[in-house]
Amino acid sequence: MKDCIFCKIINKEIPSYPVYEDNEVYAFLDITQTTKGHTLVIPKKHVQDIFEYEEGLAESLFSRVPKIARAMEKAFPEMQGLNIINNNKEIAYQSVFHTHIHLIPRYSKEDDFKLVFADNGKNYSTEEMNLIAEAIRKNEE
Ligand code: AMP
Ligand code: ZN
């Protein structure tokens with residue numbers, strides 16, 4: 001897509017640091033390197049976010065992630081874990097609107113990656129929890 005920075009990276013109009021490539025998927029180093037090896041995995045097809053994925057695109061994109069994760073583990077023996085993040089829409093911190101999966105290697109609990117899951121579970125009754133789950137189930141296609 002014209003004016004998409006990640007499409008330009010795929011087409012080699014903008015340089016990147018390649019990590020993995022095949023016919024459908026490209027992975028390259030994130031320019032910000034939250035931790036050493038921080039990588040973005042993207043489909044070559046321009047798709048904005050998770051809400052636009054077809055099953056085949058999801059299969060090809062997500063199926064490459066374990067392979068790249070294992071390569072990172074081998075490349076950086078000091079790596080102790082990996083966070084996998086996929087931001088969708090601006091409110092959820094998406095800033096580039098060509099979908100991408102962040103692979104963020106973890107080296108210690110004090111490294112530069114912070115992720116907080118607030119615990120609001122206690123604010124919902126069992127009935128409300130059932131209704132929430134049902135609302136999602138009813139809309140699955
Ligand atoms: P997000 O906020 O989830 O949309 O993440 C977008 C990511 O793209 C950010 O972590 C940026 O550092 C990264 N990014 C933006 N431009 C480039 C670029 N030219 N090469 C590599 N990474 C980039
Ligand atoms: Zn694009």
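Residue indices begin at 1 and follow the sequence shown. Since the model is a prediction, treat every value here as computed from it, not as a measurement. For ligands, and for the atoms within them, numbers begin at 1 and follow the listed sequence.
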Collect the protein residues that have a non-hydrogen atom under 4.0 Å from ligand 1 and hand them over in chain and number order.
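Shell around ligand 1 (4.0 Å, heavy atoms): Ile5, Phe6, Ile9, Phe28, Leu29, Asp30, Ile31, Thr32, Leu40, Asn87, Tyr93, Gln94, Ser95, Val96, His100, His102.
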
Let me know which of Ile101, Leu82, Leu103, Val25 forms a side chain to side chain contact (heavy atoms under 4.5 Å, CB included) with Ile68.
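Exactly one option meets the side chain to side chain contact (heavy atoms under 4.5 Å, CB included) with Ile68, and it is Leu103.
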
Of the options Glu59, Lys45, Arg64, which is the one that meets Glu24 in a side chain to side chain contact (heavy atoms under 4.5 Å, CB included)?
Arg64

Taking C-beta and beyond as the side chain, do Tyr107 and Gln80 meet within less than 4.5 Å on heavy atoms?
no

Between Phe28 and Phe6, what is the ring plane arrangement, given parallel below 30°, perpendicular above 60°, and tilted in between?
perpendicular

Just verifying a value: how many Å separate Phe113 CZ and Asp111 CG, rounded to the nearest 0.5 Å?
8.5 Å

Between NZ on residue Lys67 and CG on residue Asp22, distance to nearest 0.5 Å:
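Separation between the atoms: 8.0 Å.
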
Taking the Zn ion (ligand 2) as the reference point, name the nearest N/O/S atom of His98.
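For His98, the N/O/S atom sitting closest to the Zn ion (ligand 2) is ND1.
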
Taking the N/O/S atoms of His46 one by one, which is nearest to the Zn ion (ligand 2)?
ND1

Do the ring centers of His100 and His102 come within less than 6.0 Å of each other?
yes

Metal-centred angle, the Zn ion (ligand 2) as apex - SG of Cys4, SG of Cys7, 10° resolution:
120°

